[in-house]
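Read through the structure below, which is laid out as structure tokens, and then see the notes.
Since the model is a prediction, treat every value here as computed from it, not as a measurement.
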Amino acid sequence: DISMVVEAVDTSAPTVFKSRHWGDTGPKLDVVTVPGSPAPSCNRVASLAAAQSEVAAGRDACLADGTYSGPLILSTSATSRVTLSAEHEGQARISGLVALTSRTAIDGLDLTSSTDCVRIPTAQTDIAVLDSTLHDCGRDGIRWARPALDGSNESSNVLVSGNVIRNVAWNSMTVRGDAAMVA
């Protein structure tokens with residue numbers, strides 16, 4: 001299985017893209033420069049409800065700068081991963097649990113919560129937590145839900161990369177699943 005996240009790292013021409021993905025031999029990071037191409041666009045939203053709607057409809061969304069109160073549950077019926085990113089990295093702050101289901105991702109958000117900052121339910125796949133700051137979490141920074149003892153409902157293909165996790169009450173991260181990449 002190959003899962004991929006592509007993100008613009010520099011919006012001035014030429015545009016530089018980072019690609020984190022699963023390859024045949026494990027995790028890979030590629031950097032590609034595309035001269036004169038514009039940065040990828042996404043739908044700007046200014047509320048958590050609008051973010052949920054865009055992601056549910058299978059569209060990437062950029063959360064406007066500001067502070068938002070959660071919880072936020074991202075789910076989609078799209079066949080490829082849909083991302084909620086910060087319009088400007090670290091400037092979209094969510095106070096409350098963020099739950100990610102199959103084919104959803106967050107990127108560049110500032111998260112805090114009185115419980116877990118990010119939760120991954122059982123039996124989910126193709127999830128990413130990227131370049132975000134998770135802090136002052138009342139429980140774990142990132143927590144996978146406990147699967148059945150036989151592992152039949154483990155989450156899989158989860159990518160956690162480029163995050164800062166600090167000042168959490170329990171664990172920075174509790175990993176329970178299959179094919180997870182933490183970088």
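Of all the heavy atoms in Ala61 and Val45, the pair that sits closest is CB-CG2, 4.2 Å. Of all the heavy atoms in Ala123 and Ser102, the pair that sits closest is O-OG, 4.2 Å. Contact record, Leu63 with Leu109: CD2-CD2, 4.4 Å, taken as the closest heavy-atom pair. Annotation for Ala92 and Ala86: closest pair CB-CB, 3.9 Å, computed over non-hydrogen atoms. The minimum heavy-atom distance linking Trp144 with Thr174 is given by the pair CE3-O, 2.8 Å. Across all their heavy atoms, Ile142 and Val129 have their closest contact at CD1-CG1, 4.0 Å.
Proximity of a side-chain donor or acceptor of Ser155 to a complementary backbone N or O of Thr125 within less than 3.5 Å is not detected. Side-chain atoms of Gln52 come within 3.5 Å of backbone N or O of Ile73 as a donor-acceptor pair.
In the hydrophobic clustering of ILVMFWY residues, with side-chain heavy atoms under 4.5 Å counting as a link, Val164 and Val158 come out apart. Under the 4.5 Å side-chain heavy-atom criterion for Ile, Leu, Val, Met, Phe, Trp and Tyr, Val182 and Leu134 are members of the same hydrophobic cluster. The same ILVMFWY cluster, assembled from side-chain heavy atoms under 4.5 Å apart, contains both Val175 and Val118.
For the side-chain hydrogen bond (donor to acceptor under 3.5 Å, both in side chains) condition, no pair includes a residue of residues 68-78, sequence neighbours left out. Pairs passing the salt bridge (Lys or Arg N to Asp or Glu O under 4.0 Å) check and including a residue from residues 42-52, sequence neighbours excluded, read Arg44-Glu87.
For Ser53, there are no side-chain contact (heavy atoms from CB on, under 4.5 Å) partners at least two apart in sequence or on another chain. Scanning for side-chain contact (heavy atoms from CB on, under 4.5 Å) contacts around Ser95 gives Thr112, with sequence neighbours left out. The side-chain contact (heavy atoms from CB on, under 4.5 Å) check on Asp110 picks up Arg93, Thr133, His135, with sequence neighbours excluded. Remark: Arg59 pairs with Glu54 by the salt bridge (charged side-chain N to carboxylate O under 4.0 Å, His left out) rule, at least two apart or across chains.
Of the inter-residue distances, the one linking Thr122 atom OG1 with Gln124 atom CD reads 6.5 Å to the nearest 0.5 angstrom. Put simply, NE2 on His88 and CG on Asp65 are 5.5 Å apart, with the number rounded to the nearest 0.5 Å. The distance from atom CD1 of Ile106 to atom CG of Asp131, rounded to the nearest 0.5 Å, is 10.5 Å. Taking CD1 of Ile127 as the start and CG of Leu100 as the end, the distance is 6.0 Å to the nearest 0.5 Å. Note that CZ of Arg143 is 11.0 Å distant from CG of Leu97, once rounded to the nearest 0.5 Å. To the nearest 0.5 Å, atom CZ of residue Arg81 and atom CG of residue Asn157 are 8.5 Å apart.
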What verdict does the side-chain hydrogen bond (donor to acceptor under 3.5 Å, both in side chains) test give for Asp107 and Thr83, after you've listed the backbone C-alpha separation in whole Å, the side-chain angles of each residue and the deciding distance to 0.1 Å?
CA-CA 7 Å; Asp107 188 0; Thr83 302; over 6 Å; no
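Residues Leu72 and Leu84 form a side-chain contact, since some pair of their non-hydrogen atoms from C-beta on lies under 4.5 Å apart.
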